[in-house]
Amino acid sequence: MKKLTGFAAALLGAFCLLGSSAAFAQVKGVYWMTSGLFGPFPITGLIPTVPKERQRDVTIPVSMWLIDHPMGLVVFDTGNNVAITQDCKAYWQPGLCDFLKPTQKREDTIDGQLKKLGHSAEKVKVVITSHAHLDHIGNVEMFPNAIHAIQKKELYQGWFPEKFQGRSGGAFVLADIDGTREFNFLELEGDYDIFGDGSVQILSTPGHTLGHQSVKVRLASGKSMVMAQDAIWMQENMDGYPAGLNYSVMDYTKSVNRLKFIRDLENAPIFYGHDQDQWAKRSSSGWYR
Ligand SMILES: [Zn+2]
């Protein structure tokens, strides 16, 4: 009996320790931003298999996230390059400007958004990049002093995409990353726990691109949320209509399923990279806590 009591006390002590470290590590908040909007254009331009009765024109966000953690600020994706604010067709392939119809203004870019929140690019400790497409890695060069968390394969692919993905004039824009050779890259090969406390976790979700990654955050409230970015563009992908732009459809499908299991088992809502309706229904302050 005495032994049991001792064991119980030890267990209780261990739980207290766990409790206090978890309390320290809580994410203060997650803020949802958009690097201007894309659209309107027919949804079938992105998801060709959407059936007639669900076809519509969409105007979609270009999602970026700020995660406020006691150990430092984390930015997840940096949106479209600031240059398209002035002259899209001088920076992107003109056909992409015509199709996507970006509305980005100067204050919509990641540095403008940070300024609105009382921060600056220099204060950001970690930049996580979901993938090297033009609407996600666009302003990565605004953060020369940050640690840059990206899948190693995605870095290779950004510099030299497969021929079928388009090496010039496609969704990989070399000018977005050609100044990053000496950046401090945390080159990942799979999942990663950013601060070692389980509160900001990178999830490997390849398929849309070779090394796409998503992020799961555990909030101070105890709730979790998943930011899929382009592992899942929008609701239609969840309903079984695959994205029309993939490096590997098989890996893409596995990644969608991986995130669905996290949603169901951990009761964690999934935020999609480009969903018109989800953006319209975002929290009124923009914050999730
Ligand atoms: Zn995207």
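Numbering of residues begins at 1 and proceeds along the displayed sequence. We count ligands from 1, going down the list as the structure has it; atoms in each ligand are counted the same way.
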- Please, which pairs that meet ring pair (Phe, Tyr, Trp, His ring centres under 6.0 Å) have at least one residue in residues 81-104, sequence neighbours excluded? Phe41-Phe99
- The side chain to side chain contact (heavy atoms under 4.5 Å, CB included) partners of Glu122 (sequence neighbours excluded) come to Ser120
- Pick out which of Ile150, Asp77, Asn80, Asn81 makes a side chain to side chain contact (heavy atoms under 4.5 Å, CB included) with Ile137. Ile150
- Query: Are Leu66 and Phe76 side-chain neighbours, meaning at least one heavy-atom pair lies under 4.5 Å?
  - Reply: no
- Message: What I'd like to find out is whether the side chain of Trp279 reaches to under 4.5 Å of the side chain of Thr34, using heavy atoms alone.
- Response: yes
- Query: Can you list the residues that meet the ring pair (Phe, Tyr, Trp, His ring centres under 6.0 Å) rule with His148, with sequence neighbours excluded?
  - Reply: Phe183, Phe185
- Task: Could you please give the number of protein N/O/S atoms within less than 2.8 Å of the Zn ion (ligand 1)?
- Result: 4
